[in-house]
Amino acid sequence: MSTELESTRRALRDAVAQAERAAELARLLDAAQAKLAAAEESAEQVRTLAEQLSEAEEQLAAEQAAADKLRKDVAEQRFQAEVANWKLSSIKVARWNRLGDAIKSGKSNPVRLARGLKGAAKPVKRPVAPKRKPPASNAKPKDERPGAAFQATTTTRTVEGASFKLKPFRVPTGPNTRPHLTAAVIADPHAEALLRYEWRQTTGFTPRDFARVLPLEVPHLLVVESVTRGPWAEEIIGEPGEGLRALLAWCAERGIRTVFWHTQGEVSDYAAAAHLFEHRFTNDLTVAWPRLQFGVQPRVHNPLPLSSGRIDRVLSLNQLLPDHLSYPDVLTSYRWAAAADCPPGTPQWRLAELAACGTPIGTEADSRRAHVALRRAYQMGTMTERIDEMLEAIGLPSARATLNTSVLLPIRDPFLMEHGLAQVAKQSGVDQLIVIGPPETELRARDVLPDVEIIYRRPEPSMTEGAMLGAGIDLCEADLVAVMDPRDVYGPHYLADLRRAFLFSTADVVGKAAYYAHLRKPQTTLLKQPDAEYSYVPEITGATLLARRNALRELGFADLTEGWDEVLMRQCRTDGIKVFSADRFGYVRVRDEDRWLLGAAQLVEYGSAEPHALI
């Protein structure tokens, strides 16, 4: 009996325990259902808020559009009022109107009439016509020029306990190489700095706001670098994120080409994301994708010096480029040291950027070696040329300005014909030669330069050198026009080195204010103005002139044989045309004697100038 009772008690206890567990499960289920209901309610609230936000954004956009239209209407009315006032002022100062006023006021007074007619006959400056101005905006306009928000900030450097204050390199703010092309770019600061001058560039959008930002200026292509940080890194490293998929779908709907560029990190980390793009490129030689290496960007990798100059020290790469520097500050450091001692294994792109900034690489400051290294860095390829390759591969046009060159060669002395033509024949990139000289010059020029378009003109016996150049400039068809002197010596890299200045300067006229000269009678080699290298100057020597064709046509040439270049430079200063002096190398001015040059230049040695100048 007791056994049955005990068994019954255990059964009752088990039943009570199960009932309690069932009650707890029921309570948990109710709580979960309550949370689910709350979540559904919250989701509905989120949807409602999202709809309200979208409606508010649409209303705001409509109000902004209405405000913009009102500002445009007000600006147009203001302009029309200014035009009416200008027309009235122009009528008042017109000579016929002033003559009428003088006759009317002096018809009964001959003296007043004569005085009035005399005054009316004098020219009066007419009022300047008004110009349309952009409508006023409440918001401060954003500077969209490349580099406007990309400036150096760190002004001091510390080396071995010594502190140095620098004037930072001012990153250029334009222009674009291809202003007709818009690219949306996701890249780390280094790659972004290389790309920003190649097209109109949209950056800074995120996975959450790209659908709002990109329609403001729909891009022609999307370029995504293998970024290591920022809001897009987690989208492209490993399994592709929903934000990346949505961005690529948005581009696909609009026919926007998509490019993935692997520049850093393990390619396996980015492979899944990369295969979602239409086109893939890499700078890794071990990866079987089309190759696209970094190239120097002439707008920021160039020999333009710091205003504070270089320090008289050779620095190691670690001293020159501490880890904390932003990339604009790196561009300042590139130009700071007398030389950079780079260890083995330094990336090739880093060496190229240093060399392109004119910094000697090694344990001593050697300007000749630095110039050769600069030339090689550009010969390895610029970022502009790399983007040409990319655009050709993906099927977009790469229209941009060229550096095609016409050469003007006036030959007044028949004995200089062979020498002058030989100097032109050395040059690369000559598209057209306009030669003005003796009759035998035409056939000889065609023999010496068989692959160059030759235009020959026979000069009048009384023509000055300036008149010969003036006759030749109208025959030039290339974008750039060079003037060469048949008396002088030009190295094989002369024109290529000189053309490079148009990639990073804003000048319309380029040449050499710093150059070597050789005087035959005293057998001396001189160096003129060595401090004028890579700077904007009042004048350059005419025999090194390389200018934009349109600017040179407007300037014209004075009808002089000696001094036409001085008149030209004076006209540049009057018209505000920038003149830039490039390097000292690649050219030798040759004269029998020149007393002015002897007094204005420094003696290098007695002997030939070519070993110093032609490298």
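Basis for what follows: all heavy atoms, side chains included, without hydrogens, waters or symmetry-related copies.
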Contact check, side chains of [X] and [Y], non-hydrogen atoms, under 4.5 Å:
X: Phe277; Y: Trp261; value: no
X: Phe585; Y: Ser367; value: yes
X: His371; Y: Ile615; value: yes
X: Val430; Y: Leu495; value: yes
X: Trp199; Y: Asn176; value: no
X: Gln432; Y: Val407; value: no
X: Pro397; Y: Leu391; value: no
X: His180; Y: Arg200; value: no

Give a yes or no on whether a salt bridge exists between Arg375 and Asp497, defined as a side-chain N under 4.0 angstrom from a carboxylate O.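 Yes, this pair counts.
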Below 4.0 angstrom, N of the basic side chain to O of the carboxylate: do Asp366 and Arg368 qualify? no
For the pair [X] and [Y], name the ring-plane relationship: parallel under 30°, tilted 30 to 60°, perpendicular over 60°.
X: Phe580; Y: Tyr534; value: tilted
X: Phe281; Y: His279; value: parallel
X: Phe294; Y: His190; value: perpendicular
X: His262; Y: Tyr270; value: tilted

[atom1]/[X] to [atom2]/[Y] distance, rounded to the nearest 0.5 angstrom?
X: Glu266; Y: Ile237; atom1: CD; atom2: CD1; value: 11.5 Å
X: Leu408; Y: Ile473; atom1: CG; atom2: CD1; value: 5.5 Å
X: Leu320; Y: Ser333; atom1: CG; atom2: OG; value: 5.0 Å
X: Leu545; Y: Asp565; atom1: CG; atom2: CG; value: 8.5 Å

With a cut-off of under 6.0 Å to the ring centre and 45° to the axis, is [X] in cation-pi contact with [Y]?
X: Arg280; Y: Phe260; result: no
X: Arg589; Y: Tyr516; result: no
X: Lys512; Y: Tyr587; result: no

Over 12 non-hydrogen atoms of neighbours within 6.0 angstrom of [atom1] in [X]:
X: Arg376; atom1: CZ; value: no
X: Arg369; atom1: CZ; value: no
X: Asp592; atom1: CG; value: yes
X: Glu605; atom1: CD; value: yes
X: Glu566; atom1: CD; value: no

Closest non-hydrogen atom pair between Ile436 and Met468, with its separation: CD1-O, 2.8 Å
Mind checking whether Phe169 and Trp336 have ring centres under 6.0 Å apart?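 Phe169 vs Trp336: aromatic centres not under 6.0 Å.
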Salt bridge (Lys or Arg N to Asp or Glu O under 4.0 Å) assessment of Glu533 paired with Arg584: CA-CA 6 Å; Glu533 285 186 295; Arg584 72 182 77 174; 3.1 Å; yes
Apply side chain to side chain donor-acceptor pair (under 3.5 Å) to the pair Glu353 and Tyr334, showing each step before the final yes or no. CA-CA 8 Å; Glu353 290 185 0; Tyr334 278 165; 2.6 Å; yes
